[in-house]
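Here's the structure we're looking at; comments come further down.
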Amino acid sequence: MLAEKEIQELISRALEARKNAYAPYSDFRVGAALLSDSGGIYTGCNIENSAYTPTNCAERTAFFKAVSEGVRSFRAICIAGGPGEREPEKPCPPCGVCRQVMLEFCGPDFEVILAVNGQQYEVYTLDRLAPMGFRL
Ligand code: THU
């Protein structure tokens with residue numbers, strides 16, 4: 001279980017990363033902050049593309065940054081997203097593709113924080129968000 005201080009740090013890093021979102025097509029801006037087992041934090045934002053399908057979600061940006069630097073074990077991720085540049089108004093749950101990427105690198109107790117702001121957030125386990133996930 002994450003401590004409140006760790007949760008607050010991840011929320012503020014996710015909201016900060018959201019400012020870098022490149023979302024000219026949807027105008028839906030998402031930030032993520034991924035906490036590794038050794039305490040490192042890897043942030044990400046969504047990066048859209050005019051051909052649409054190359055779009056990368058904030059969560060996968062964070063995972064791919066970490067994995068590309070040799071980090072493969074994780075405790076938690078915080079996600080914050082919503083339309084425009086204003087503050088998010090509700091939780092932004094991860095898409096199915098991002099849940100599958102989490103299944104690749106994380107165990108059932110991996111924590112997923114869906115943050116609106118530092119006061120409003122929900123914590124889920126990966127097991128709850130992706131029951132019966134596909135693994136080889
Ligand atoms: N998006 C994310 O980055 N993460 C999510 O959890 C949901 C969706 C992005 C993808 C796309 O750039 C925009 O939000 C609208 O779908």
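Note that the coordinates shown come from a computational prediction; the quantities given were computed from them, not determined experimentally. No hydrogens, no waters, no symmetry mates; every other heavy atom, side chains included, goes into these values. As the structure lists them, so they are numbered: ligands from 1, and atoms in each ligand from 1. Each residue takes its place number in the sequence, starting with 1.
- Donor-acceptor pairing under 3.5 Å is lacking for the side chains of Thr43 and Glu16.
- Of the polar atoms of Ala58, at least one N or O is found under 3.5 Å from an N or O of ligand 1, judged by distance alone.
- No side-chain donor-acceptor contact under 3.5 Å links Glu104 and Gln100.
- Looking from atom 15 (C) of ligand 1 to the surrounding protein, the closest heavy atom is Ser26 OG, 3.7 Å.
- Ligand 1 places these atoms under 4.0 Å from at least one heavy atom of Cys95: 6 (O).
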Step by step, work out the ring pair (Phe, Tyr, Trp, His ring centres under 6.0 Å) result for Phe63 and Phe74.
-> CA-CA 9 Å; Phe63 268 97; Phe74 305 102; 5.1 Å; yes
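- Ranking the protein heavy atoms by distance from atom 7 (C) of ligand 1 puts Cys92 SG, 4.1 Å first.
- For ligand 1, the polar-atom distance check finds an N/O of Glu48 within less than 3.5 Å of one of the ligand's N/O atoms.
- Under the 4.0 angstrom criterion for non-hydrogen atoms, Pro93 is in contact with ligand 1.
- For Pro94, the closest heavy-atom approach to ligand 1 falls below 4.0 Å.
- Looking from atom 8 (C) of ligand 1 to the surrounding protein, the closest heavy atom is Cys57 SG, 4.1 Å.
- Checking side-chain atoms of Glu87 against main-chain N and O of Asn117 turns up no donor-acceptor pair under 3.5 Å.
- The minimum heavy-atom distance linking Arg29 with Ala23 is given by the pair CG-CB, 4.4 Å.
- For a threshold of 3.5 Å applied to N or O pairs, the pair formed by Asn46 and ligand 1 contains at least one separation below that value.
- The closest donor-acceptor contact from the side chain of Arg135 to the backbone of Leu103 lies under 3.5 Å.
- Nearest protein neighbour of atom 5 (C) of ligand 1, counting heavy atoms only, is Glu59 OE2, 3.3 Å.
- Inter-residue side-chain proximity for Glu59 and Cys95 is flagged as unmet; no heavy-atom pair is nearer than 4.5 Å.
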